[in-house]
> 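One structure coming up, written as structure tokens, with questions to follow.
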Number of protein chains: 2
Amino acid sequence: MSVTRERIIELGENLILTKGYNAFSYQDISTELGIKNAAVHYYFPTKANLGTSIVKTNILRFEEMIDNMHSRGFDEWKQLDAFIKIYIKSNREQKLCIFGSLGPDFDTLNENTQNELVKMTELIVNWLTEILTSGKEKGFFVFNEDAHNKAAMIFSSLVASLQLSRIVKNFDYKSFCQAIQEGLKS
Amino acid sequence: MSVTRERIIELGENLILTKGYNAFSYQDISTELGIKNAAVHYYFPTKANLGTSIVKTNILRFEEMIDNMHSRGFDEWKQLDAFIKIYIKSNREQKLCIFGSLGPDFDTLNENTQNELVKMTELIVNWLTEILTSGKEKGFFVFNEDAHNKAAMIFSSLVASLQLSRIVKNFDYKSFCQAIQEGLKS
DNA sequence: TTGGATACTTACTTATTAGTAAGTATTTTT
DNA sequence: AAAAATACTTACTAATAAGTAAGTATCCAA
């Protein structure tokens with residue numbers, strides 16, 4: 001596939017994660033890549049196409065990560081840890097996650113982009129619910145809440161704390177993530 | 001104070017909570033109020049002025065709620081419950097909260113709006129930290145995490161789950177909030 | 001070597017945006 | 001009754017947005 005196409009997706013994603021979907025323009029992308037506005041439209045006729053492709057890329061990336069962890073035989077702790085490490089990296093790079101960025105703009109998104117975002121979100125929450133359930137069965141995790149609620153709690157915590165971390169000074173993101181993990185022990 | 005001015009703030013806030021800051025325009029407001037574009041600029045010369053006023057209004061509203069709860073002698077459980085009820089109401093109205101809406105757009109906001117948003121966020125998180133701390137001392141709440149992290153966890157959970165609720169079908173927001181409260185018991 | 005696919009650029013259009021200057025009607029104050 | 005403040009409207013401007021039609025250069029395959 002085209003290098004330019006991939007760079008547009010990468011840059012578009014970064015723009016969504018920093019400025020938000022409705023604040024970035026094709027001009028932002030074309031200027032950064034040293035190409036013209038119309039060249040971006042050549043690959044992605046509409047902004048909705050680009051948005052949808054970015055979410056689809058995130059879905060693929062997540063599915064690959066899960067496959068990878070399964071083939072490496074990661075246990076529930078290791079899987080949760082790998083997931084949390086994604087957020088620690090995002091925080092280090094001063095970025096939000098794709099759900100936290102696109103979520104608030106949901107109503108303004110194209111139907112296809114909305115559908116992909118729903119798919120991605122359900123994929124993540126269902127996966128989290130599953131590893132919490134099996135991890136609890138194996139005695140790894142201890143919690144009283146319904147597994148789906150617990151998954152939603154952990155996911156929500158990670159998502160919104162990326163925003164908290166940008167806004168509240170001296171917010172210790174790593175310590176926060178450790179607290180989430182500690183909370184699953186006793 | 002002017003009725004129109006207050007209606008602009010109210011409508012502006014609703015637009016932020018549903019479409020997001022960068023997706024709403026003065027036209028949206030003027031059309032809805034049956035006035036002209038320039039009339040909105042008469043009260044709020046720039047969009048940044050309006051944004052800042054909306055956040056300031058939220059700060060005042062929150063401070064009034066705290067004062068009110070103190071004068072009514074609310075204990076820590078009742079205070080937390082009142083706070084959570086705000087979110088349950090927002091969810092019922094299919095709205096996000098002001099932090100969850102403006103947070104992702106932080107970098108695109110005017111400096112004054114940013115400062116007010118920081119103020120509001122610290123106000124909420126510090127208040128939550130305080131009632132968690134005193135509630136734990138009194139034996140009301142049980143948790144092992146650092147109080148500040150626990151406050152950030154509860155706040156983040158409430159914020160991002162409003163987004164989850166709009167996106168994941170059959171998400172039971174009330175049950176989710178109950179799980180948060182149950183988690184503070186044993 | 002020629003036809004077509006690929007990867008763009010040039011040069012637009014149309015719509016929407018935030019914002020403003022100047023004017024007007026109404027109410028309030030002096 | 002006159003002056004001034006209030007609450008707008010009219011009529012714009014300048015910038016930026018998404019999007020498009022038509023053209024060009026390069027490369028690859030038949």
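Small disclaimer: the values here were computed from a predicted structure and weren't measured. Just so it is clear: chains get the letters A, B, ... in the order the sequence lines come, proteins before strands, and each one is counted from 1.
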> Do B/S161 and A/S156 pair up side chain to side chain, a donor and an acceptor below 3.5 Å, judged on atom types alone?
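A/S156 and B/S161 do not have a side-chain donor-acceptor pair below 3.5 Å.
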> So do A/Q181 and A/W77 actually touch side chain to side chain, heavy atoms under 4.5 Å?
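Contact flag for A/W77/A/Q181 side chains = yes.
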> Aromatic rings B/F24 and B/Y21: how do their planes relate, parallel, tilted or perpendicular, breaks at 30° and 60°?
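It falls in the perpendicular class, over 60°.
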> Side chains of B/E13 and B/T57: do they bring a donor and an acceptor to under 3.5 Å?
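Looking only at side-chain atoms, B/T57 and B/E13 do not form any donor-acceptor pair under 3.5 Å.
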> Any chance you could list the contact pattern along nucleotides 6-24 of chain D? Use B for base contacts, S for sugar-phosphate-only contacts and - for none, protein heavy atoms under 4.0 Å, 5' to 3'.
SBBBB------SSBB----
> Quickly work out the B/N49 CG to C/dA18 P distance and round it to whole Å.
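Spelled out: CG on B/N49 to P on C/dA18 is 13 Å.
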> Against A/N22, only a single residue in A/I16, A/L109, A/T108 fulfils side-chain contact (heavy atoms from CB on, under 4.5 Å); can you say which?
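Result: among A/I16, A/L109, A/T108, A/T108 is the only option passing the side-chain contact (heavy atoms from CB on, under 4.5 Å) with A/N22.
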